[in-house]
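Proteins get letters first, then strands, A, B, ... in listed order; numbering begins at 1 in each. Fair warning: this is a prediction, and the values are worked out from it, not measured in the lab.
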Amino acid sequence: MVPRKLWRRPLDSEQIKLPKAEIHIIPDLCKGCDFCIEFCPRKALEESDKLNKRGVYPPKVADESKCTLCGFCTAICPDFAIFTTEKKEETSRNGR
Amino acid sequence: MTEKEAEEAPRIGVYVCHCGLNIAGTVNCEAVARFAATLPNVAISKDDRYTCSDQGQELIKNDIKEHNLNRVVVASCSPRLHESTFRKACEDAGLNKYLFEMANIREQCSWVHIHDKEAATEKAKDLVRAAVAKVALLEPAIETEVPITRNALVIGGGVAGIQSALDLADTGYKVYLVEKEPSIGGRMAQIDKTFPTMDCSICILAPKMSDVGHHPNIVLLANSEVQEVKGYIGNFKAKVLKKPRYVTDECSACNDCTEVCPVTVPNEFDIGLATRRAIYTPFAQAVPSTYIIDRGICLNKEGIMACDKCIQACERKAIDFDMEPEPLELEVGTIIVATGAEVYDPSSLTNYGYTRYQNVITSLEFERLINAGGPSGGNLIRPSDRKIPESVAFIQCVGSRSERGNPYCSNVCCMNTIKDSLLIKEHWPDVEIHVFYVDIRAFGKGFEDLYTRAKEEGVIFTRGLPAEIVEDRKTHNLWLIGENTLQKELYKINVGMTILSIGIQPCHDSDTIQRLCTLSRTLDGFFMEAHPKLRPVDAPTGGIFLAGCAESPKDIKDSVTQASAAAARAGILMAQGKVSVEAITPKTIPENCQLCGLCARVCPYNAIAVDKERKLVEVAEAACAGCGTCGAECQFEALHMRHFTDAQIMSQIDALVEEAPDEKIIAFCCNWCAYAGADFAGVSRMQYPPNVRIIRTMCSGRVSPKFVEHALSRGVGAVLVAGCHPGDCHYINANIQTRKRVEKLWKKMDRLGVDKNRLQLLWASAAEGEKVASKAKEMQATLKKLTPEEVEKGKQAFAGS
Ligand SMILES: Cc1cc2nc3c(=O)[nH]c(=O)nc-3n(C[C@H](O)[C@H](O)[C@H](O)COP(=O)(O)OP(=O)(O)OC[C@H]3O[C@@H](n4cnc5c(N)ncnc54)[C@H](O)[C@@H]3O)c2cc1C
Ligand code: SF4
Ligand code: SF4
Ligand code: SF4
Ligand code: SF4
């Protein structure tokens with residue numbers, strides 16, 4: 001619509017309350033298919049450098065704040081090795 | 001007049017107009033008329049004060065009857081202005097209108113050679129001689145009529161497009177309104193109150209928007225893009241791509257989806273002052289109200305469905321990720337271009353610190369801040385600490401009327417600032433307000449009153465813009481430093497927030513619309529009207545009209561006025577239901593045709609079909625636009641370009657070089673760009689050497705190499721071929737052929753040892769009068785160096801052409 005670049009921090013950025021995510025990985029269940037890493041739409045995961053019991057490198061969290069709790073990793077993981085939950089603390093801020 | 005009569009020996013009437021002193025002040029009109037009387041076939045010749053006046057036209061009509069004239073020449077202004085007037089007069093007297101010719105001795109003579117009366121008079125004589133030569137060869141013609149599709153396309157859904165669409169739809173025509181954004185409304189939807197009456201902008205706009213959404217005669221295509229426009233007046237075919245919203249019409253705008261969507265970005269509508277989600281509506285009153293998913297940020301990329309939060313939340317099952325882009329083909333008779341304008345981006349003016357200082361905002365951001373429905377709930381808070389500032393300053397003409405930015409006045413910013421200052425005073429009377437200006441332009445109805453009110457309310461107006469803004473690092477207050485040019489003293493003022501009153505500029509993508517609709521733009525970049533005074537909403541292309549800020553910066557009232565005018569103009573055409581096309585299409589001469597198909601290959605409209613079996617070349621008259629490119633391409637004289645025949649143009653060349661050919665420049669100028677540009681040079685009184693003789697063709701593509709060769713064989717000093725810029729050709733791309741032909745000619749000249757500088761090619765738009773004038777000066781310099789030997793060489797090289 002208007003300018004080509006929007007540079008300000010929106011005035012409502014503190015009011016917008018997005019649920020905060022916690023990513024849980026059960027390393028030893030992982031078989032190393034990397035689906036979650038590849039398909040996470042926010043690129044919140046990356047490969048770790050520690051071998052697990054199954055002899056593969058399971059994922060680790062790259063940036064938890066990027067996770068939007070879409071749950072795609074949970075759905076895509078063939079071995080039930082990853083899931084996300086909503087972080088309960090520090091949810092009540094002023095605003096809507 | 002019957003054809004038989006026209007075949008009789010020509011009896012030409014010549015009328016040399018004084019145009020008051022516009023022509024007579026420079027050109028000796030009596031002398032020109034006396035000269036005309038000596039020319040072959042001229043039966044009578046007169047000079048007259050105002051030929052276009054009723055009396056002037058009566059004189060012509062009477063003479064046609066009394067003296068049995070069968071050809072008429074008027075030497076006056078540009079045919080682009082009054083050709084139709086005089087053609088009508090001829091017709092009224094029973095003379096076929098194609099037996100009329102004009103000599104342009106005002107725009108292209110008296111106005112551009114003001115200081116050389118003698119040379120101007122000689123030039124006027126030459127131009128009359130050429131017109132007399134051509135008119136003798138003109139043939140009567142009957143125009144064919146083509147039907148007009150009674151549908152209209154409106155491009156752009158700002159207040160102008162909305163008004164045009166509603167007016168046409170209310171008249172009973174079907175209207176397609178194409179808007180590229182998810183909602184119609186344009187700039188007016190973003191602003192809070194409107195000057196001068198201080199109405200709430202969206203409150204007066206929203207009902208109109210909703211009328212558009214519900215009108216049975218309007219098909220609203222938002223989030224859509226015009227990709228192609230083909231055809232001609234009355235019969236356009238437009239390709240429009242309706243992009244998917246991924247939300248169907250089932251959407252009830254309940255907002256449930258937005259609340260669950262986990263992705264946020266700054267909202268464009270609020271200029272980034274508020275946030276939106278990946279699924280959103282740009283603003284509450286949006287039309288269509290259907291939400292939209294921004295696939296650029298939605299978690300679901302092509303092929304992967306990672307998130308289904310909105311799908312789950314939507315009770316009406318309105319979300320559909322399988323939606324595909326929908327290509328549409330529309331058949332319309334008229335088009336209104338109402339694509340509006342953009343605002344100036346002040347970040348390049350580093351001395352004002354926009355994007356470096358939080359508390360420097362633009363006037364558009366101000367509109368969102370002061371709006372009760374906006375991101376701050378209508379509180380005038382400054383970004384750094386979200387507090388209401390104790391003092392603010394407005395800086396005028398940011399990006400306007402200056403070399404750093406745009407040279408023109410943006411028309412609305414002065415009144416907008418006055419409006420803004422009054423809005424602040426209304427809610428927070430204690431806020432101190434400074435306005436720094438160059439001139440306050442309060443010229444409209446009710447404007448001065450508003451200005452007076454602002455002064456009475458205590459707004460402090462200071463003449464002289466700040467040279468610089470410096471931020472106090474701690475308080476984020478701003479120091480404005482500059483010179484008060486009325487009192488000739490320096491000022492240094494501290495304010496809490498500064499509002500840059502930014503200008504209006506053409507849309508960054510207006511070249512696309514320009515290309516699609518074959519429009520012209522002024523040097524400022526806004527779309528150009530067919531005539532600035534008498535046809536202010538017509539585009540130069542038939543059947544296309546302009547409305548709103550796309551044409552020039554203007555306020556809402558003017559935008560709406562122009563929009564209604566454009567709708568009326570389009571409506572007139574559609575009500576008539578048919579339009580006659582100029583009889584300037586080619587006629588084939590089968591006995592000459594070798595069936596080579598070259599003509600068909602260069603026709604930009606695919607209007608020529610070669611039928612090898614029946615040994616025929618056929619021209620589809622309705623598709624032909626009359627550029628004449630085919631005629632210039634044909635090597636066998638098998639195409640007779642009506643009204644611009646080879647013989648007619650050759651006769652003009654001969655007439656123009658009859659005396660002192662080596663001192664002259666013959667300039668072939670296309671009607672739409674170069675000729676219009678030369679007219680513009682005249683209107684602007686740009687002076688250039690008087691030895692240029694312009695021959696008008698519809699397109700530079702009509703200029704056959706043999707015209708150039710013929711001119712050189714007659715010993716002309718130099719030849720100029722001038723057309724629209726490549727890509728801007730009025731006939732799609734016919735000027736590609738122009739370039740090819742000129743390049744070939746250069747090679748040939750080189751080969752034959754003729755100085756190729758004597759042939760020049762120029763691309764000049766209708767607004768580039770300056771380019772035409774400077775080319776003439778440049779060529780004049782070449783001409784001065786021309787030796788008689790060189791002229792002779794050219795004559796020999798092309799002898800017999
Ligand atoms: C900060 C500011 C404050 C103003 N305040 C006032 C005021 O108080 N009073 C007043 O009278 N005027 C005011 N104006 C001027 C007013 O905004 C304009 O007069 C008005 O918006 C012009 O309407 P428009 O339809 O021509 O253009 P726009 O409102 O710009 O609308 C053009 C529309 O066309 C669409 N579009 C563009 N290109 C294409 C394309 N290629 N295909 C499809 N659609 C396209 C755009 O998305 C847009 O919706 C103000 C302007 C500004 C910038
Ligand atoms: S999808 Fe599951 S199995 Fe595959 S890499 Fe991720 S955690 Fe491991
Ligand atoms: S799919 Fe998820 S990210 Fe995309 S619009 Fe819907 S809720 Fe938002
Ligand atoms: S898409 Fe569904 S949930 Fe979202 S606003 Fe429309 S109806 Fe409501
Ligand atoms: S080239 Fe031009 S004049 Fe010739 S048929 Fe095509 S459109 Fe008509």
Side-chain angles (χ1 to χ4, degrees), chain A residues 1-23 33-46 59 61-78 82-88 90-96, chain B residues 180-183 185-187 189-190 259-278 282-283 297-301 303-309 340 342-347 354-356 358 361-362 364-365 368-369 374-377 379 381 383 386 502 508:
Chain A
M1 177 164 277
V2 225
R4 273 133 267 164
K5 50 186 184 293
L6 300 176
W7 61 280
R8 279 184 205 282
R9 201 151 67 97
L11 296 177
D12 58 359
S13 52
E14 278 136 43
Q15 280 113 297
I16 297 278
K17 191 191 68 183
L18 291 175
K20 294 250 178 322
E22 215 165 317
I23 304 175
C33 69
D34 282 355
F35 284 171
C36 56
I37 299 173
E38 191 179 330
F39 292 112
C40 170
R42 302 300 292 244
K43 301 278 166 257
L45 303 168
E46 64 188 17
V61 174
D63 183 353
E64 201 158 65
S65 70
K66 281 189 178 169
C67 174
T68 62
L69 281 162
C70 73
F72 192 55
C73 53
T74 316
I76 205 174
C77 175
I82 187 166
F83 63 96
T84 54
T85 55
E86 194 176 328
K87 237 186 222 160
K88 283 286 169 268
E90 59 158 352
T91 38
S92 62
R93 280 255 182 99
N94 44 357
R96 306 190 270 163
Chain B
K180 67 176 175 187
E181 297 293 331
S183 171
R187 189 78 54 219
Q190 281 178 300
E259 275 162 17
V260 298
C261 176
V263 190
T264 59
V265 279
N267 188 359
E268 296 82 357
F269 182 78
D270 290 306
I271 314 120
L273 289 164
T275 310
R276 68 164 171 85
R277 309 288 172 118
F283 54 101
I297 57 162
C298 167
L299 296 176
N300 296 335
K301 300 293 172 231
I304 323 168
M305 291 290 290
C307 171
D308 64 353
K309 294 216 153 87
E342 281 168 12
V343 290
Y344 176 77
D345 176 359
S347 48
Y354 182 72
T355 68
R356 258 187 306 135
Q358 289 264 340
I361 69 170
T362 68
L364 194 58
E365 288 174 300
R368 297 313 301 150
L369 278 179
S376 61
N379 284 306
I381 54 174
R386 317 269 159 104
I502 48 176
H508 68 281

Counting only heavy atoms closer than 4.5 Å, note whether B:Leu273 contacts chain A via side chain, backbone, both or neither.
both
Given that the side chain runs from C-beta out, which part of B:Lys309 has a heavy atom under 4.5 Å from chain A: side chain, backbone, both or neither?
side chain
side-chain hydrogen bond (donor to acceptor under 3.5 Å, both in side chains) partners for B:Asn300, two or more places apart:
none
Between B:Arg276 and B:Glu268, is a salt bridge (Lys or Arg N to Asp or Glu O under 4.0 Å) present by the stated rule, with each step listed?
CA-CA 9 Å; B:Arg276 68 164 171 85; B:Glu268 296 82 357; 2.9 Å; yes
For B:Lys180, check salt bridge (charged side-chain N to carboxylate O under 4.0 Å, His left out) against everything at least two apart and list the hits.
B:Asp509
What heavy-atom pair brings B:Phe269 and B:Ala189 nearest, and what distance separates the two atoms?
CZ-O, 3.3 Å
Name the region of B:Ile297, side chain, backbone, both or neither, that has any atom closer than 4.5 Å to a heavy atom of chain A.
neither
Engaged part of A:Leu11 at the chain B interface, taking heavy atoms whose separation is under 4.5 Å
both
Chain A contact via B:Cys298 - which portion, at a heavy-atom distance below 4.5 Å
neither
Tell me, out of A:Pro19, A:Cys70, A:Gly71, A:Ala75, who's got the most heavy-atom pairs with chain B below 4.5 Å.
A:Cys70
Quick one: CH2 on A:Trp7 to CD1 on B:Ile271, what's the gap to the nearest 0.5 Å?
12.0 Å
